[in-house]
There are 2 protein chains.
Amino acid sequence: MNKEMQRTLLEDVAREAEVSTASVSRVLNRAPHVSKRLRERVEAAIDRLGYVPDGTARALASRRIGAIGALVPTLDNPIFSAMIDSLERRLKRHDCRLLIATYRYDLDDELQALRTLIQQGVDGVVLVGHDHRPAALTLLQRRQLPFLTCWHAEDDPDWPGIGFDNTAPARHLAEHLLMLGHRRLAVVSAPTDGNDRARARLEGFRQAAEAAGCPLPPERIVKVDYGIAEGAEAFESLMGLDRRPTAILCGNDTLAFGVMLAAQRAGLQVPREISITGFDDLPQARFMSPPLTTVAVPAGEIGRQVADGLIARIDGVTTPHRRLLDAPLVLRESTGPAPTD
Amino acid sequence: MNKEMQRTLLEDVAREAEVSTASVSRVLNRAPHVSKRLRERVEAAIDRLGYVPDGTARALASRRIGAIGALVPTLDNPIFSAMIDSLERRLKRHDCRLLIATYRYDLDDELQALRTLIQQGVDGVVLVGHDHRPAALTLLQRRQLPFLTCWHAEDDPDWPGIGFDNTAPARHLAEHLLMLGHRRLAVVSAPTDGNDRARARLEGFRQAAEAAGCPLPPERIVKVDYGIAEGAEAFESLMGLDRRPTAILCGNDTLAFGVMLAAQRAGLQVPREISITGFDDLPQARFMSPPLTTVAVPAGEIGRQVADGLIARIDGVTTPHRRLLDAPLVLRESTGPAPTD
DNA sequence: TTGTACGCGTTATCAA
DNA sequence: TTGATAACGCGTACAA
């Protein structure tokens with residue numbers, strides 16, 4: 001067999017169907033004003049020759065590659081991979097592919113990845129949150145490239161976004177604990193550098209605590225990397241304090257899981273002796289023992305809406321600058337009345 | 001500002017540097033035999049003009065798009081997203097992007113997604129396992145497109161792959177239980193259609209059981225979709241049997257988690273009254289109570305090796321047809337001696 | 001409604 | 001080592 005078996009080109013199809021190349025192209029792109037007769041001739045020829053259009057040539061000529069780029073901190077966190085999963089599935093409906101790039105919460109890496117994506121010629125870009133290098137925005141604007149942020153959705157004129165309010169649910173979680181009589185709250189947060197979601201949640205915890213007259217001292221705010229073991233370590237360090245917290249607010253469910261395990265390992269009853277909350281509502285949250293009080297983050301819905309919204313923007317349709325989804329509290333059994341000492 | 005601010009082209013750089021377009025291209029692609037003087041002139045011009053090469057044009061001319069495609073069943077399973085995460089990170093080193101497509105274990109969808117990826121012009125393809133429509137192989141071969149399977153790695157002349165043996169560790173898990181005195185084993189498996197990994201694991205369980213003279217009757221093999229709740233339901237149905245199993249082998253950790261929860265909800269002690277095993281060694285496996293006996297699947301290592309291997313093939317380097325990684329048993333406390341009745 | 005001919009922005013071939 | 005120029009394969013004004 002020949003190494004270079006010549007691939008069938010659009011031109012070959014045109015010759016086979018005895019029409020012009022322009023006509024073949026029109027049929028291919030479902031252009032208006034093509035006679036049924038022409039369409040059938042062309043489609044028959046395409047079938048006979050097994051013709052497959054060349055994406056790269058099409059991209060060069062049409063200035064569209066049929067794919068968007070997504071920049072996410074990591075796929076090693078199920079809450080993000082769930083979003084990417086639904087994003088990709090929905091994009092497929094629009095006949096659009098997905099190019100992914102991760103940056104481990106390093107905004108310089110993110111910027112670099114964005115450059116690469118743009119150079120590739122992506123038709124649009126999805127970003128997470130509003131924490132980005134200023135150059136990222138400049139790049140997108142100068143190229144007039146459609147883009148959309150997700151996950152976080154504070155009111156920001158620069159960044160159009162579909163997401164949810166990270167602060168309010170966090171505040172509500174804290175209020176829930178305060179209502180249960182807790183006065184010594186602690187927080188186990190993800191690192192807040194380059195992560196406005198983590199900052200917003202922390203801010204929500206703070207707001208509620210201060211409004212209730214029992215602000216969070218620095219030593220009761222622990223920042224650790226993502227992970228179960230990390231959550232457990234954070235718990236240990238909080239237990240080293242003179243006045244131990246009676247409730248621990250965690251930045252995500254995974255940390256909460258670690259905290260809960262460490263608490264139980266330390267012989268503490270949850271929630272009788274200590275209350276614990278998460279954030280995300282991962283599938284396992286309701287199966288923990290006790291089931292975890294948390295916030296249900298609409299990861300799947302974000303993926304779908306971002307797909308639809310970005311495609312609309314690529315097609316030149318103006319969509320709302322900002323769309324807020326629900327992230328409801330899910331009260332379960334990991335929170336209870338403060339211990340009476 | 002102009003809507004169509006003309007982008008700087010390679011030609012502009014050539015003019016600015018007073019050299020030919022060919023020379024600019026050579027500098028850009030680090031071609032050999034370029035004088036230092038030329039390189040510097042060109043690089044200076046590039047900086048001055050802020051030139052960024054156009055990926056689509058480059059792709060058309062060079063027949064390389066600088067991205068590979070990955071076909072995975074889903075990203076909604078952390079074991080796959082962990083692999084994709086490491087794959088993408090490693091590809092970045094090779095200056096290669098990642099296009100992902102999911103197919104929900106539907107091989108016709110997979111084939112369709114493969115067509116789309118090929119049409120896009122990907123430089124290579126990653127697939128999971130060896131269960132694919134025959135047309136998929138034909139497509140890849142006819143195009144002479146570099147490809148690599150992963151996750152599963154049975155000896156198959158058609159499919160080069162980097163993965164691990166799914167059967168042997170499964171057999172070892174069952175042998176471990178048999179050695180502990182269990183005679184009535186049961187299996188909670190993922191659906192086996194289009195999933196050779198699930199089939200291989202099931203086969204491993206079967207082999208050990210038969211070799212020990214206590215084969216698995218059909219009613220003690222339950223197939224359910226991925227999920228914690230699904231695992232729990234599978235457990236319920238096994239408990240409805242006349243002669244209940246004393247040990248349950250699960251196709252993955254998530255199912256095992258569901259089974260364990262349901263067992264405990266039913267008042268059974270694990271492992272005193274019933275032993276449970278998983279497969280994957282997800283991060284939470286060692287934090288379950290009791291910690292889960294399972295098989296450590298090298299998801300991250302697969303991603304890295306697949307990246308290196310596929311890039312090598314794209315560069316025309318011949319790599320081993322098959323590479324087997326370790327997937328060691330991790331014996332923890334969810335398995336113990338069979339109850340003595 | 002269909003066809004002609006050029007443009008898309010690079011890379012690669014060949015000659016110098 | 002460098003330069004001129006022909007591919008690369010398709011989309012799309014513009015003309016018919």
Side-chain angles (χ1 to χ4, degrees), chain A residues 4-43 45-46 49-67 95 116 118-123 143, chain B residues 4-43 45-46 49-67 95 118-123 143 314:
Chain A
E4 286 298 331
M5 74 213 104
Q6 70 275 17
R7 317 193 298 125
T8 31
L9 308 181
L10 184 142
E11 186 186 340
D12 302 322
V13 176
R15 197 178 306 113
E16 173 81 13
E18 297 178 289
V19 299
S20 74
T21 57
S23 293
V24 177
S25 177
R26 288 191 188 101
V27 170
L28 244 36
N29 297 297
R30 309 177 197 302
H33 314 303
V34 280
S35 70
K36 187 175 174 187
R37 185 180 148 285
L38 177 66
R39 154 161 296 115
E40 283 165 356
R41 287 184 67 79
V42 171
E43 283 173 348
I46 287 176
L49 301 180
Y51 167 72
V52 177
D54 179 313
T56 63
R58 187 193 288 243
L60 180 58
S62 70
R63 320 212 54 47
R64 274 213 187 189
I65 72 168
D95 194 32
T116 309
I118 289 178
Q119 188 164 337
Q120 287 275 328
V122 291
D123 301 327
R143 293 280 185 143
Chain B
E4 287 297 332
M5 73 211 104
Q6 71 272 20
R7 319 192 297 126
T8 23
L9 308 182
L10 184 141
E11 187 187 339
D12 302 323
V13 176
R15 197 178 306 116
E16 172 82 12
E18 297 177 290
V19 299
S20 74
T21 58
S23 292
V24 177
S25 177
R26 286 192 189 100
V27 171
L28 244 35
N29 296 295
R30 308 177 195 303
H33 312 305
V34 281
S35 70
K36 188 176 173 187
R37 184 181 147 284
L38 177 65
R39 154 162 297 114
E40 283 165 356
R41 287 184 65 80
V42 171
E43 283 173 348
I46 287 176
L49 301 180
Y51 167 73
V52 177
D54 179 313
T56 63
R58 188 192 288 242
L60 179 59
S62 70
R63 322 219 43 62
R64 275 212 186 187
I65 71 168
D95 195 31
I118 290 178
Q119 186 164 337
Q120 287 274 324
V122 290
D123 302 328
R143 294 281 184 141
I314 290 171

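In what follows, chains are A, B, ... by sequence order, proteins preceding strands, each numbered from 1.
- Between Gln120(A) and Ala67(B), the shortest heavy-atom distance links the atoms OE1-CB, 4.5 Å.
- The minimum heavy-atom distance linking Ala17(B) with Ala45(B) is given by the pair CB-CB, 3.7 Å.
- As a whole-Å value, the separation of Glu11(B) CD from dA4(D) P is 12 Å.
- Within the 4.5 Å cutoff, the side chain of Val42(B) has no heavy atoms near those of the Arg26(B) side chain.
- Distance CG (Asp12(A)) to C1' (dG9(D)): 11 Å, rounded to an integer number of Å.
- What you find for Thr56(A) and Ala59(B) is that their closest heavy atoms are CG2-CB, 3.8 Å.
- Of all the heavy atoms in Gly50(B) and Thr8(B), the pair that sits closest is O-OG1, 4.1 Å.
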> Base, backbone or nothing for each nucleotide of nucleotides 11-16 of chain D, written B, S, -, heavy atoms under 4.0 angstrom, 5' to 3'?
Replying inline: BBB---

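- The two residues Pro53(B) and Gln119(A) have their closest heavy-atom pair at O-CG, 3.4 Å.
- When DNA chain C is scanned in the 5' to 3' direction for atoms under 4.0 Å from non-hydrogen atoms of chain B, the outermost contacting nucleotides are dG9(C) to dT13(C).
- Distances were taken from every side-chain heavy atom of Ser20(B) (C-beta onward) to each of dG9(D), dT1(D), dG3(D); the shortest belongs to dG3(D).
- When heavy atoms are screened at a 4.0 angstrom cut-off, Leu9(A) is found touching the sugar-phosphate backbone but no base atom.
- Using a 4.5 Å cut-off on side-chain heavy atoms (C-beta onward), Val52(A) and Arg143(B) make contact.
- Arg63(A) approaches Asp54(B) most closely through the heavy-atom pair NH2-OD2, 3.8 Å.
- End-to-end axis angle of the helix from dT1(C)-dA16(D) to dA16(C)-dT1(D), from C1' rotation axes over five pairs per end: 30° (rounded to 10 degrees).
- Using a 4.5 Å cut-off on side-chain heavy atoms (C-beta onward), Arg64(B) and Ile314(B) make contact.
- The side chain to side chain contact (heavy atoms under 4.5 Å, CB included) test with Val24(B) singles out one residue from Asp12(B), Leu9(B), Val13(B), and that residue is Val13(B).
- Listed for the Arg39(B) side chain is no donor-acceptor partner under 3.5 Å among the backbone atoms of Val27(B).
- Taking atom NZ of Lys36(B) as the reference point, atom P of dT2(D) lies 14 Å away to the nearest angstrom.
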